[in-house]
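Within every chain, numbering begins at 1; the chains are lettered A, B, ... in the order of the sequence lines, protein sequences first and strands thereafter.
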There are 2 protein chains.
Amino acid sequence: MSEGPPDGEPNLGLLCFIAYRAMESRVLDAVTAAGFADVTAAQGRVFARIGPNGTRLTELAEQARVTKQTAAFLVDQLERAGYVRRAPDPSDARARLVTITERGHAAIRVARGAEAEVEAEWTRHLGRQATSQLRRALTRLREITDPYQ
Amino acid sequence: MSEGPPDGEPNLGLLCFIAYRAMESRVLDAVTAAGFADVTAAQGRVFARIGPNGTRLTELAEQARVTKQTAAFLVDQLERAGYVRRAPDPSDARARLVTITERGHAAIRVARGAEAEVEAEWTRHLGRQATSQLRRALTRLREITDPYQ
DNA sequence: GATTATTGGTCAGAGGATCGTACCAAATTC
DNA sequence: GAATTTGGTACGATCCTCTGACCAATAATC
């Protein structure tokens with residue numbers, strides 16, 4: 001009745017970490033190589049949550065699972081580097097919407113390309129069906145692991 | 001042709017990150033609650049790679065994917081907190097083997113229990129077959145994402 | 001409408017994690 | 001025996017993250 005990992009094998013969390021780490025470093029390398037040399041992984045994790053019409057800082061913080069101070073710290077850097085802009089939120093005078101600039105969109109295009117390339121490699125290695133099962137399983141897992149899905 | 005991240009599904013790397021993060025925080029909470037209050041996630045990642053007969057610092061660093069300085073920094077803390085010990089390596093006078101103390105083994109037992117509990121929850125949510133497919137897929141992915149598997 | 005509580009955000013300070021550079025001593029190679 | 005590699009340490013810098021305290025605008029309550 002034991003469901004844990006086989007003896008000596010890493011658990012599912014560590015397996016996920018290894019894959020995530022590989023994807024992140026590949027994407028970051030590609031973005032850096034494309035001339036966006038000042039981006040860090042932490043900035044990217046916040047950046048990736050910004051919606052098309054802008055997103056509030058608190059919401060970014062919740063989704064990226066960091067405090068709002070940390071999110072503000074990272075958004076400051078992204079703003080100074082020209083990837084995002086802060087605009088007043090028309091519906092709330094306290095809030096400001098973080099939006100993506102043209103330079104930000106250019107970086108996103110590179111990141112998307114690198115992601116697709118890595119996913120293609122993974123698909124070649126695992127096969128098409130196993131990959132789509134993997135995606136389905138991880139997506140369903142979000143239902144119980146990601147309160148802000 | 002919109003590139004806004006929220007449109008479209010997150011990539012496999014991000015999905016892995018979400019699951020990994022959930023596992024890590026659950027395990028860390030359990031270890032902390034069991035009285036091992038001074039352990040951090042980074043320490044745990046190095047700690048988890050120590051073999052039954054002790055492991056050299058450089059090897060820990062490679063496997064955990066950090067520099068040897070970082071590994072040394074973390075092992076220092078683990079040693080001060082009583083989880084590991086450094087013993088001379090009989091086969092090489094330069095090297096020292098990092099080994100796990102009794103307190104370290106006690107912490108491992110708690111961590112293993114928490115891991116198993118989380119994996120059981122995931123299995124309940126996904127079903128037994130999908131979970132074992134997930135484990136198989138992630139394990140195969142290691143072949144191309146983890147040089148030190 | 002006035003008071004209270006909540007929410008979005010900032011500021012200041014601290015600690016942890018990670019790296020690059022430089023260096024030493026033991027081991028290995030030539 | 002000299003040159004190179006390998007295991008490890010020391011120092012300094014940077015980045016990331018959190019706590020705690022605080023402010024101003026909004027929402028809820030009376």
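- In this structure, Asp89(A) atom CG and dT10(C) atom P are separated by 13 Å, rounded to whole Å.
- Atom CD in Glu24(A) sits about 14 Å away from atom C1' in dT18(C), given to the nearest Å.
- When rounded to the nearest whole Å, the span between CG of Leu28(A) and C1' of dC15(D) equals 13 Å.
- Summarising the local packing, CD of Glu102(B) is surrounded by more than 12 heavy atoms from other residues, nucleotides or ligands at distances under 6.0 Å.
- Atom CG in Leu57(A) sits roughly 14 Å away from atom P in dT17(D) (whole-Å rounding).
- Here dA13(D) presents its P atom at 16 Å from CZ of Phe73(B), a figure rounded to the nearest Å.
- The aromatic rings of Tyr20(A) and Phe17(B) are tilted relative to each other, their planes meeting at an angle between 30° and 60°.
- Closest-nucleotide positions on DNA chain D for Asp92(A) and Leu74(A) were compared, and the one nearer the 5' end corresponds to Leu74(A).
- The shortest distance between side-chain heavy atoms of Leu97(A) and Arg56(A) falls below 4.5 Å.
- An OP1 or OP2 oxygen of dG9(C) is reached within less than 4.0 angstrom by no side-chain nitrogen or oxygen of Arg94(A).
- For the OP1/OP2 pair of dG16(C) and a distance below 4.0 Å, the side-chain nitrogens and oxygens of Thr40(B) include no atom meeting the criterion.
- You'll find that the side chain of Ala95(B) is closest to dG7(D), out of dC16(D), dG7(D), dA17(C).
- Proximity of Glu117(A) to Arg26(A): side-chain heavy atoms (C-beta onward) are separated by under 4.5 Å at one or more points.
- Contact annotation: Thr58(B) side-chain N/O to dT6(D) OP1/OP2 distance is not under 4.0 Å.
- Comparing dG7(D), dG8(C), dC16(D) by their nearest atom to the side chain of Arg56(B) picks out dG7(D).
- Put simply, Gln77(A) has no side-chain N or O that comes within less than 4.0 Å of OP1 or OP2 on dC15(D).
- Between Leu60(B) atom CG and dG7(D) atom P the separation is 12 Å, expressed in whole Å.
- Heavy-atom distances to DNA chain D give each of Arg45(A) and Arg96(B) a nearest nucleotide, and the one nearer the 5′ end belongs to Arg96(B).
- Nucleotide dG15(C) holds its C1' atom 13 Å from the CD atom of Gln43(B), rounded to whole Å.
- Distance from the side chain of Gln69(B) is smallest to dT9(D) among dA17(C), dT9(D), dG8(D).
- Distances shown here put every side-chain N or O of Thr67(B) at or beyond 4.0 Å from the OP1 or OP2 atom of dG20(C).
- If you measure from atom NZ of Lys68(A) to atom C1' of dC22(D), you get 10 Å, rounded to the nearest angstrom.
- Salt-bridge check for Arg65(B) with Asp146(B): passed, with a basic side-chain N closer than 4.0 Å to an acidic carboxylate O.
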